Amino acid sequence: MRQTDLAIIGAGPAGLAAALEASRAGARVILLERDDWLGGQLVKQTHQFFGSKNEFAGMRGVDIATHFSEQIEKDENIQVFTGATALGFYEDGVLTAACAGRMIKIKPRTLLVASGAMEKMIPFENNDLPGVYGAGAVQTLMNVYGVAPGKKVLMVGAGNIGLIVSYQLIQAGIEVEAIIEGASHVGGYWVHASKIRRMGVPILTNHTILKARGQEKVEGALITRIDENWQPVPGEEREVSVDTVCLAVGLSPLAELLWQAGCEMEFSPQLGGYVPIRDSNLETTEEGIYIAGDVAGIEEATSAILEGQLAGISAARKMDYRIEEEKVEEIKANLETLRAGPVGEHIRQGLANVER
């Protein structure tokens, strides 16, 4: 049985930031990551971040992952287990995980779940054909393994993920036939959408996919315009010649462990699905269990980093480690600024219903 002050599940941007903040306060940390590398979604992100210098503006996600990993590696307070999948957190406060073919048990004083999210899918005919991918899978193929998913892509979803992955596909020499979006507006930042449009890729709002064509693999797709009730408009169907359909239709928090641990949950469409009730320091209804990143609500990586910092420093304070209260208030202020304006309105609405 391993003893530690803080156990963190997930070494994406939230988990990495939390580990470093808790360690700086003096806490001993065990960091579990199911992949064989640290960084989570950051390792797939080749675009530059926005924001301020303190939020890694101008740096690419993959470089931010390297920056964090190098700090973690040098930190004697942090013990890292890669290839480690958390299995359960039990009433006696024991966390179990499978790692390198064996079971490990950890007894942490506090727990932070930063497990991220999973991709959503949508129903359409032949959506199980080879050549139908989630956007995250496409990023993994291209940016981690250097494998092209296809030659000609239909992107479904015009949020930030759909727009960014479309740009990365084009950079890799892959043609993007079109981006279709069911809503009446582009959901992602206009800076991304404008860049895509300047490259000649049409973004078709009020459109969805009806069918993927093909027998053994994707050989085309049938799309259509939809009305305000999201119903197909007769006579508006059209064929697109593609060999890949990429779905960027949202994410759902990976909250199974929090359900199992007894945390009170609430369904929030603005935050991506069921998320834990939490206080302003990201502590759940189960004392000593904290959350950060996409498992707390689907946002951008910068938000995940700030939430990780807040959760890590809050967990350290819970265990009576000395922290700078000014730092806590600064992190909270940065999060509030990040969520300000019309772009963050849905996040603010979601948080209003899940913060106690």
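From a predicted model like this one, the values you see are computed outputs, not experimental measurements. What you see below is based on every heavy atom in this structure, not just the backbone, and it leaves out hydrogens, waters and symmetry mates. The first residue of the sequence shown is numbered 1, and numbering continues consecutively from there.
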Using every non-hydrogen atom in the two residues, find where [X] and [Y] come nearest and quote the distance to one decimal.
{"X": "Ala304", "Y": "Pro13", "result": "CB-CG, 4.1 Å"}
{"X": "Ala193", "Y": "Val186", "result": "CB-CG1, 4.0 Å"}
{"X": "Phe81", "Y": "Arg2", "result": "CZ-NE, 3.4 Å"}
{"X": "Leu129", "Y": "Gly214", "result": "CD1-O, 3.7 Å"}
{"X": "Lys151", "Y": "Thr244", "result": "N-OG1, 4.5 Å"}
{"X": "Ala158", "Y": "Ile203", "result": "CB-CG2, 4.1 Å"}

Applying side chain to side chain contact (heavy atoms under 4.5 Å, CB included), run through Thr82 and Asp35 and close with a yes or a no.
-> CA-CA 6 Å; Thr82 54; Asp35 287 328; over 6 Å; no

Assess whether atom [atom1] of [X] is packed by more than 12 heavy atoms of other residues, nucleotides or ligands within 6.0 Å.
{"X": "Gln349", "atom1": "CD", "result": "yes"}
{"X": "Lys332", "atom1": "NZ", "result": "yes"}
{"X": "Glu336", "atom1": "CD", "result": "no"}
{"X": "Arg322", "atom1": "CZ", "result": "no"}
{"X": "Glu325", "atom1": "CD", "result": "yes"}
{"X": "Met118", "atom1": "CE", "result": "no"}
{"X": "Glu216", "atom1": "CD", "result": "no"}
{"X": "Leu42", "atom1": "CG", "result": "yes"}

State which residue, out of Thr110, Asn281, Ile313, fulfils the side chain to side chain contact (heavy atoms under 4.5 Å, CB included) condition with Lys318.
->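 Passing option: Thr110.
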
Kindly indicate whether the side chain of [X], heavy atoms from C-beta on, has any atom under 4.5 Å from the side chain of [Y].
{"X": "Tyr133", "Y": "Leu141", "answer": "yes"}
{"X": "Glu329", "Y": "Lys327", "answer": "no"}
{"X": "Ile347", "Y": "Glu299", "answer": "yes"}
{"X": "Phe56", "Y": "Thr302", "answer": "no"}
{"X": "Tyr290", "Y": "Glu283", "answer": "yes"}
{"X": "Pro253", "Y": "Leu271", "answer": "no"}
{"X": "Glu237", "Y": "Leu210", "answer": "yes"}
{"X": "Val94", "Y": "Ile106", "answer": "no"}

Can a donor-acceptor pair be found between the side chains of [X] and [Y] at a distance below 3.5 Å?
{"X": "Gln168", "Y": "Asn143", "answer": "yes"}
{"X": "Asp75", "Y": "Ser23", "answer": "yes"}
{"X": "Thr140", "Y": "Lys44", "answer": "yes"}

Side-chain donor or acceptor of [X] paired with backbone N/O of [Y] under 3.5 Å:
{"X": "Arg278", "Y": "Pro276", "value": "yes"}
{"X": "Asp243", "Y": "Lys152", "value": "yes"}
{"X": "Glu181", "Y": "Gly157", "value": "no"}
{"X": "Gln79", "Y": "Val29", "value": "no"}
{"X": "Gln309", "Y": "Ile331", "value": "no"}
{"X": "His207", "Y": "Thr205", "value": "yes"}
{"X": "Asn160", "Y": "Gly188", "value": "no"}
{"X": "Ser252", "Y": "Gly273", "value": "no"}

Answer with yes or no whether the hydrophobic clustering places [X] together with [Y]; edges join I, L, V, M, F, W, Y residues whose side-chain heavy atoms lie under 4.5 Å apart.
{"X": "Ile122", "Y": "Leu154", "value": "yes"}
{"X": "Ile298", "Y": "Val113", "value": "no"}
{"X": "Val245", "Y": "Met155", "value": "no"}
{"X": "Ile305", "Y": "Ile78", "value": "yes"}
{"X": "Ile170", "Y": "Ile164", "value": "no"}

Start with the C-alpha distance between Glu33 and Ile9, add both sets of side-chain angles, then the distance that settles side chain to side chain contact (heavy atoms under 4.5 Å, CB included), and finish with yes or no.
-> CA-CA 7 Å; Glu33 171 53 50; Ile9 300 170; over 6 Å; no

Can you name the residues that form a salt bridge (charged side-chain N to carboxylate O under 4.0 Å, His left out) with Glu239, not counting sequence neighbours?
->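 Salt bridge (charged side-chain N to carboxylate O under 4.0 Å, His left out) check on Glu239 returns Arg213.
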
By salt bridge (charged side-chain N to carboxylate O under 4.0 Å, His left out) - contacts of Asp5 (at least two apart) |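 Here the qualifying residues are Arg28, Arg109.
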
When rounded to the nearest 0.5 angstrom, what distance separates [atom1] in [X] from [atom2] in [Y]?
{"X": "Ile161", "Y": "Cys246", "atom1": "CD1", "atom2": "SG", "answer": "10.0 Å"}
{"X": "Ile30", "Y": "Leu112", "atom1": "CD1", "atom2": "CG", "answer": "13.5 Å"}
{"X": "Lys105", "Y": "Thr96", "atom1": "NZ", "atom2": "OG1", "answer": "8.0 Å"}
{"X": "Asp128", "Y": "Asn126", "atom1": "CG", "atom2": "CG", "answer": "6.5 Å"}
{"X": "Ile291", "Y": "Ile277", "atom1": "CD1", "atom2": "CD1", "answer": "9.0 Å"}
{"X": "Leu204", "Y": "Glu177", "atom1": "CG", "atom2": "CD", "answer": "9.5 Å"}

Carefully, step by step, assess Glu307 and Arg339 under the rule salt bridge (charged side-chain N to carboxylate O under 4.0 Å, His left out).
-> CA-CA 12 Å; Glu307 283 191 339; Arg339 293 163 175 161; 2.7 Å; yes

Between Glu21 and Arg24, is there a side-chain N and carboxylate O pair less than 4.0 Å apart?
->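 Arg24 and Glu21: salt-bridged.
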
Do Ile104 and Leu32 pass the side chain to side chain contact (heavy atoms under 4.5 Å, CB included) test, and can you show the C-alpha distance, the side-chain angles, and the key distance before you say yes or no?
-> CA-CA 11 Å; Ile104 59 175; Leu32 302 177; 4.2 Å; yes

Walk me through it: do Glu266 and Tyr274 pass the test side chain to side chain contact (heavy atoms under 4.5 Å, CB included)?
-> CA-CA 5 Å; Glu266 179 77 21; Tyr274 279 98; 5.9 Å; no

